[in-house]
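First the proteins, then the strands, lettered A, B, ... as listed; each starts at 1.
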2 protein chains.
Amino acid sequence: MTLPKTRWRRRSAARPDEILDAALTAFIEAGFDAARMDDIAARAGISKAGVYLYFGSKEALLRALIDREIAPIATLLAGFAETGGADPEGTLHLMATVAIERLSDPRFFAVPRLIIAISGRFPDIADYYRTEIVERAIAALSSLIAKGVAQGVFRPVDPVLAVRAVVGPVLFAALWRHVLRGDTDVPPARVIEGQIDLLLNGLKP
Amino acid sequence: MTLPKTRWRRRSAARPDEILDAALTAFIEAGFDAARMDDIAARAGISKAGVYLYFGSKEALLRALIDREIAPIATLLAGFAETGGADPEGTLHLMATVAIERLSDPRFFAVPRLIIAISGRFPDIADYYRTEIVERAIAALSSLIAKGVAQGVFRPVDPVLAVRAVVGPVLFAALWRHVLRGDTDVPPARVIEGQIDLLLNGLKP
DNA sequence: TGTATATAACTTACTGGTTAGTTATATACG
DNA sequence: CGTATATAACTAACCAGTAAGTTATATACA
């Protein structure tokens, strides 16, 4: 046990991430409204006023969490779509697998869940999330499907609907697991397996 | 303008519905936490203490809204699945259409959205919603698909996955519209048209 | 290299509100 | 005129954000 000889330390480089870690934990436990800035500060090991040195408001914390937790995945998916044009089917599979794996982590899913909860009162955040995350991910999937259609490996379907046929079940799986606390005996990778088969080959014999 | 000669009236039969109407409106505007019981009471035309004569807590209001707003639709869908066994494809189409139409009404979608927002802190409500609404609707769809498989009009797929392939895109459409405020130029019925075609015939040529 | 000084990074203590739920009392109406 | 139905006033908390003061640490310079 090394007792600190000082009451606090300067850690300006590390603080923002520590605060965001704390905020995410608090938001998961209490939701956006009920999460207390005092509590977030305490978890980060500083005082409430210290939080306000780095983030101007509670809302700013959520915005920063979108950037830190979610945006990198949107970028990753966009990369897959660009690189994987030669094998649309395999790339689709890969992207869906990455998405469902990430969404099975409660700390990841927490952010989209918060967006759903507060979008009515913070339309700016909803718009930000739509344009920076969702539309980018959709555009990536959509362009991949368009490539598949051009190559003749996919039917000439509406890419927008096809995207929803991929994303919808992934979304459902996340809500089932995290919101409804339903059984999750089947591993995510196997779910994607079956879901993609259904998407490619259809329900008809 | 007919000024009331009395300060208030006894309306015990009508009050609960009036209160629930007010609560739903308040929840839509502010979310569960930020909605104020005072405001709900004022909208219902009574005092806050009056609300507590009929509902024991804020949470009880949400529970009652599940029963009043959502449960009837689950029952309706279950009925379709039972009656429509002779035409699985048409019944699937019908059920998806009803679901997407209902979910396009903000006052309907508000309840599932609230569940998503508060399920972490009120696991009882999440469990209640899962068993009374979602599992019933899923069972209905699942049995319908099983009938189709038995008749040979559907491939022998896992019904659970097939259900997700139907519900997922419907869910996505609702979130896109209400949460992300995205474009909704295509009418719900047409979305279902394309989505069902994709589900039945698959993405492959 | 040791120390005075500047300032970034922190804290404590507070403001100015907010709100779910309760209690005591009043009134409509069968 | 009894009582179910209603209210006003209250309690006992809660909390985002701020102002003013304090301390750790970098750096200038003797």
Side-chain angles (χ1 to χ4, degrees), chain A residues 2-27 29-65 114 117-118 121-122 124-125, chain B residues 2-27 29-65 114 117-118 121-122 124-125:
Chain A
T2 52
L3 285 172
K5 45 180 64 162
T6 54
R7 312 225 295 130
W8 51 269
R9 304 213 188 185
R10 307 176 131 219
R11 299 171 50 74
S12 67
R15 288 286 190 231
D17 268 326
E18 292 170 355
I19 293 167
L20 290 180
D21 289 343
L24 184 53
T25 304
F27 287 154
E29 285 181 13
F32 183 79
D33 286 303
R36 293 172 309 140
M37 293 297 278
D38 262 323
D39 182 53
I40 291 170
R43 285 177 199 266
I46 58 172
S47 69
K48 183 169 61 168
V51 173
Y52 282 94
L53 295 173
Y54 296 94
F55 299 96
S57 66
K58 207 179 187 182
E59 191 185 335
L61 288 172
L62 181 51
R63 249 196 168 71
L65 281 171
L114 288 166
I118 58 86
R121 272 173 310 142
F122 301 93
D124 289 359
I125 290 193
Chain B
T2 53
L3 286 172
K5 45 180 63 162
T6 54
R7 304 226 289 141
W8 48 270
R9 305 213 187 182
R10 310 174 101 188
R11 297 172 49 74
S12 65
R15 288 286 190 233
D17 267 326
E18 293 170 353
I19 294 167
L20 289 179
D21 290 342
L24 184 52
T25 304
F27 286 154
E29 285 182 13
F32 183 79
D33 286 303
R36 294 172 303 132
M37 294 297 278
D38 261 324
D39 182 52
I40 291 169
R43 284 176 199 267
I46 59 173
S47 70
K48 183 170 61 167
V51 173
Y52 282 93
L53 293 174
Y54 296 93
F55 299 96
S57 66
K58 208 178 185 181
E59 191 185 336
L61 288 172
L62 181 52
R63 251 201 166 72
L65 280 171
L114 288 166
I118 57 86
R121 274 174 308 143
F122 300 94
D124 289 358
I125 289 192

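Taking atom NZ of residue B:K58 and atom C1' of nucleotide D:dC14, one finds them 13 Å apart after rounding to whole Å. Protein atom CZ of A:R15 is 8 Å distant from nucleotide atom C1' of C:dA9, rounded to whole Å. Distance CE (B:M37) to C1' (C:dA20): 7 Å, rounded to an integer number of Å. Atom-to-atom, CG of A:D38 to P of C:dT11 comes out at 12 Å; the value is rounded to the nearest Å. Taking atom CZ of residue A:R36 and atom P of nucleotide D:dA16, one finds them 8 Å apart after rounding to whole Å. For A:F122 and D:dA16, the CZ to C1' distance is 12 Å, given to the nearest whole Å.
Sorted by first and then second residue, the side-chain hydrogen bond (donor to acceptor under 3.5 Å, both in side chains) pairs with a member in residues 34-47 of chain A read A:E29-A:R43, A:D39-A:R43; sequence neighbours excluded.
In this structure, CD on B:E18 lies 10.5 Å from CG on B:L20, to the nearest 0.5 angstrom.
Contact annotation: B:Y54 side-chain N/O to D:dT5 OP1/OP2 distance is not under 4.0 Å.
Applying the ring pair (Phe, Tyr, Trp, His ring centres under 6.0 Å) criterion to B:F122, with sequence neighbours excluded, gives B:F32.
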>> What verdict does the salt bridge (Lys or Arg N to Asp or Glu O under 4.0 Å) test give for A:R121 and B:D33, after you've listed the backbone C-alpha separation in whole Å, the side-chain angles of each residue and the deciding distance to 0.1 Å?
In response: CA-CA 12 Å; A:R121 272 173 310 142; B:D33 286 303; over 6 Å; no
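Near-neighbour residues of DNA chain C inside residues 41-53 of chain A, defined by a heavy atom below 4.0 Å, number-ordered: A:I46, A:S47, A:A49, A:G50, A:L53.
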